[in-house]
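The structure appears below as structure tokens.
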2 protein chains.
Amino acid sequence: MIRVMLAEDQNLVRGALAALLGLEEDLEIVAEAADGDEAVALAGRVRPDVALLDIEMPGADGLTAAARIRAAVPGCHVMILTTFGRPGYLRRAMEAGASAFLIKDGPAEQLAAAIRRVVAGERVIDPALAAAALSAGPNPLSQRERDVLVAGSGGATIADIATRLHLSEGTVRNYLSSAITKVGVRNRIEAAQTAERNGWL
Amino acid sequence: MIRVMLAEDQNLVRGALAALLGLEEDLEIVAEAADGDEAVALAGRVRPDVALLDIEMPGADGLTAAARIRAAVPGCHVMILTTFGRPGYLRRAMEAGASAFLIKDGPAEQLAAAIRRVVAGERVIDPALAAAALSAGPNPLSQRERDVLVAGSGGATIADIATRLHLSEGTVRNYLSSAITKVGVRNRIEAAQTAERNGWL
DNA sequence: CGATCACCCTGACATAAGTCACATGCCCGG
DNA sequence: CCGGGCATGTGACTTATGTCAGGGTGATCG
């Protein structure tokens with residue numbers, strides 16, 4: 001019997017996934033979490049064979065939770081299940097020690113199969129996604145460039161960003177400018193969006 | 001036996017929902033669609049008792065599909081199932097003749113119950129959401145104001161928007177300015193985001 | 001019929017955003 | 001221990017945005 005933990009913030013989707021996996025004879029849902037912190041805590045207590053983590057969750061996101069669970073529960077295989085097949089996400093998932101990276105667009109029939117393969121020691125990654133991650137190259141942005149992009153993504157003005165980050169306005173402008181240049185777009189809005197899309201933030 | 005059609009673009013979620021509903025004795029999944037257009041076509045052929053539609057789908061979105069299905073299959077109850085409980089979405093769903101508006105955050109156990117209530121002729125809406133939709137008031141933006149906001153949401157410059165909409169740059173600036181004023185924010189980025197959040201686009 | 005409103009445009013203006021050149025200091029790898 | 005990259009800053013500059021004050025049209029409605 002494979003003992004599975006489920007972490008997904010949308011109740012209905014989580015329940016539906018539990019129903020889907022419950023149909024399999026050799027799988028057992030032993031815990032369900034609604035956010036990253038709860039997932040880490042539960043994994044420590046329940047020690048499941050597999051932790052299936054969504055990325056987009058309140059609190060600690062799935063990637064952070066993955067790293068923590070790997071550190072705290074060595075025998076637990078971590079699988080990432082996400083809506084967005086962003087190259088940067090895949091990269092970070094691998095760095096966090098994940099055994100699988102699945103997107104919610106994928107075929108429902110193969111989820112259980114993926115879990116079994118992971119338990120058998122395999123790694124499960126969509127080949128197309130792996131290629132995209134490799135061809136996209138690593139994150140070109142420096143820490144500070146990422147900071148100003150996220151701080152400004154909500155429509156904040158340069159002055160706002162400078163205040164929030166305790167920087168001078170000129171510095172913020174310079175970071176934004178270099179980020180825009182690196183990403184190869186025309187303004188910070190496009191920069192924030194493409195960076196987001198690639199999982200660079 | 002209640003005959004249910006499922007429309008949801010994420011394969012895995014759709015399969016999981018099917019598994020969840022398949023556990024109920026009195027429910028039967030008679031069709032599954034991956035986008036709005038397919039949902040309309042299938043509903044016309046299969047004539048289900050209930051159509052469970054996601055909003056965020058490629059092609060025709062769930063709200064558009066809801067209106068079309070209501071027109072083409074009068075006996076079919078349409079239920080909206082969405083990630084985002086945006087007031088404008090709820091309003092549009094009601095105008096499209098939907099019988100229920102559920103968010104994916106909600107409790108999984110109540111989905112089947114909601115379907116039964118809808119078939120019995122009830123309307124199922126989250127009370128908190130209904131209150132929010134009423135207090136938020138109707139969409140304050142004019143058609144053109146919405147147009148410029150969506151055209152500019154990808155980081156496009158004023159000139160880009162003007163070209164795409166066959167308008168003069170000054171006109172675009174004016175629409176953006178009035179949209180910003182109406183929404184009560186400081187720039188078009190915030191305007192686009194809050195409008196999006198409220199389901200005004 | 002006249003008021004009102006969405007729609008479209010122009011021109012002028014103030015401010016915000018983005019670019020460039022050039023500093024300083026820190027730390028890390030060759 | 002020196003070069004290069006990153007973090008941080010300044011000042012000057014160009015361009016993009018947002019605001020204001022107008023002036024036209026056509027449709028709708030009391």
Side-chain angles (χ1 to χ4, degrees), chain A residues 88 91-92 95 136-201, chain B residues 88 91-92 95 136-201:
Chain A
R91 187 177 297 264
R92 281 195 275 161
E95 284 165 4
N139 191 333
L141 300 173
S142 79
Q143 181 60 49
R144 278 320 214 181
E145 287 160 355
R146 287 196 293 275
D147 291 344
V148 293
L149 282 183
V150 294
S153 62
T157 163
I158 304 259
D160 294 340
I161 306 174
T163 306
R164 199 177 322 167
L165 264 51
H166 306 293
L167 291 175
S168 104
E169 297 194 18
T171 309
V172 173
R173 268 207 282 274
N174 285 341
Y175 283 143
L176 281 174
S177 186
S178 72
I180 290 166
T181 310
K182 282 183 181 174
V183 178
V185 292
R186 292 176 304 169
N187 53 46
R188 66 212 185 102
I189 308 166
E190 289 185 353
Q193 291 188 346
T194 38
E196 177 75 54
R197 221 177 5 199
N198 287 322
W200 287 338
L201 302 184
Chain B
R91 187 177 296 266
R92 281 195 275 162
E95 284 165 5
N139 190 335
L141 300 173
S142 79
Q143 183 58 48
R144 278 320 212 182
E145 286 160 357
R146 288 197 292 275
D147 291 344
V148 294
L149 282 182
V150 295
S153 62
T157 163
I158 303 261
D160 294 339
I161 305 173
T163 306
R164 198 177 322 167
L165 264 51
H166 306 293
L167 292 176
S168 104
E169 296 194 19
T171 309
V172 172
R173 268 207 283 275
N174 286 339
Y175 284 142
L176 281 174
S177 185
S178 71
I180 290 166
T181 311
K182 282 183 181 176
V183 177
V185 293
R186 291 176 305 170
N187 53 46
R188 66 210 184 99
I189 309 165
E190 289 185 351
Q193 291 188 346
T194 41
E196 176 77 53
R197 242 202 332 269
N198 288 322
W200 289 339
L201 302 183

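Reminder, nothing fancy here: chain letters follow the sequence lines and each chain counts from 1. Keep in mind that the numbers below use all heavy atoms, side chains included, and drop hydrogens, waters and symmetry copies. Just so it is clear, the structure is predicted and the values come from calculations on it, not from any experiment.
One interatomic measurement links the two molecules: CD of A:Glu145 to C1' of D:dG5, which rounds to 11 Å at whole-angstrom precision. B:Lys182 places its NZ atom 11 Å from the P atom of C:dC5, with the value rounded to the nearest Å. Across the protein-nucleic acid pair, A:Arg173 atom CZ and D:dA12 atom P stand 13 Å apart, rounded to whole Å. Between the CD atom of A:Glu169 and the P atom of D:dG9 there is a distance of 11 Å, rounded to whole Å. As rounded to whole Å, 19 Å separates atom P of C:dA14 from atom CD1 of B:Ile180. When rounded to the nearest whole Å, the span between CG of A:Leu141 and P of D:dG5 equals 16 Å. To the nearest angstrom, P of D:dG18 lies 10 Å from CG of B:Leu149. Between the CG atom of B:Asn187 and the P atom of C:dA17 there is a distance of 7 Å, given to the nearest Å.
Residues meeting the side chain to side chain donor-acceptor pair (under 3.5 Å) test with B:Glu95, sequence neighbours left out: none. Judged as a side chain to side chain contact (heavy atoms under 4.5 Å, CB included), and not counting sequence neighbours, A:Asn174 has no contacts. Contacts of A:Arg144 classified as side chain to side chain donor-acceptor pair (under 3.5 Å), with partners at least two apart in sequence or in another chain: A:Asp147. For A:Ser168, the side chain to side chain donor-acceptor pair (under 3.5 Å) partners two or more places apart in sequence, or in a different chain, are A:Thr171. Residues satisfying the side chain to side chain contact (heavy atoms under 4.5 Å, CB included) test with B:Ala195, not counting sequence neighbours, are B:Leu141, B:Leu149, B:Trp200, B:Leu201.
For the contact set between residues 150-168 of chain B and DNA chain D, defined by any heavy atom under 4.0 Å, the members are B:Thr157, B:Ile158. Non-hydrogen atoms lying under 4.0 Å from DNA chain D are contributed by nothing in residues 189-201 of chain B.
Backbone-only engagement by B:Arg188 is indicated by non-hydrogen atom pairs under 4.0 Å involving sugar-phosphate atoms exclusively.
Checking the phosphate oxygens (OP1, OP2) of D:dC6, no side-chain nitrogen or oxygen of A:Arg144 falls inside 4.0 Å. Note on B:Ser142: a side-chain N or O is less than 4.0 Å away from OP1 or OP2 of C:dC7.
When side chains are defined from C-beta on, A:Leu176 counts as touching A:Ile158, because their heavy atoms get closer than 4.5 Å.
Relative to the axis of its first five pairs, the axis of the last five pairs of the helix from C:dC1-D:dG30 to C:dG30-D:dC1 sits at 40°, rounded to 10 degrees.
Using modelled atom types, one side-chain atom of B:Gln193 and one backbone atom of A:Ser153 make a donor-acceptor pair closer than 3.5 Å. Side-chain N or O atoms of B:Asn187 include one that pairs as donor or acceptor with a backbone N or O of A:Gly155 at under 3.5 Å.
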Give each protein N/O atom lying under 3.5 Å from an N/O atom of nucleotides 20-22 of chain D, with the pair distance.
residue: D:dC20; atom: N4; partner: B:Asn174; partner atom: OD1; Å: 3.0

Show me the protein contacts with nucleotides 24-29 of chain C, counting only N or O atoms at under 3.5 Å.
none

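The CZ atom of B:Arg146 lies 12.0 Å from the OH atom of B:Tyr175; values are rounded to the nearest 0.5 Å.
Here D:dA7 is the nucleotide among C:dC7, C:dT19, D:dA7 with the atom lying nearest to any side-chain atom of A:Tyr175.
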I would like to know whether B:Leu165 and B:Val148 meet side chain to side chain contact (heavy atoms under 4.5 Å, CB included); could you show each step before the answer? CA-CA 8 Å; B:Leu165 264 51; B:Val148 294; 3.8 Å; yes

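The heavy-atom pair separating B:Ala151 from B:Ile161 by the smallest distance is CB-CG2, 3.8 Å. The shortest non-hydrogen separation linking B:Ile180 to B:Ala191 is CG1-CB, 4.1 Å.
Sequence neighbours left out, the pairs with a member in residues 163-186 of chain B that pass salt bridge (charged side-chain N to carboxylate O under 4.0 Å, His left out) are A:Asp160-B:Arg186, B:Glu145-B:Lys182, B:Arg186-B:Glu190.
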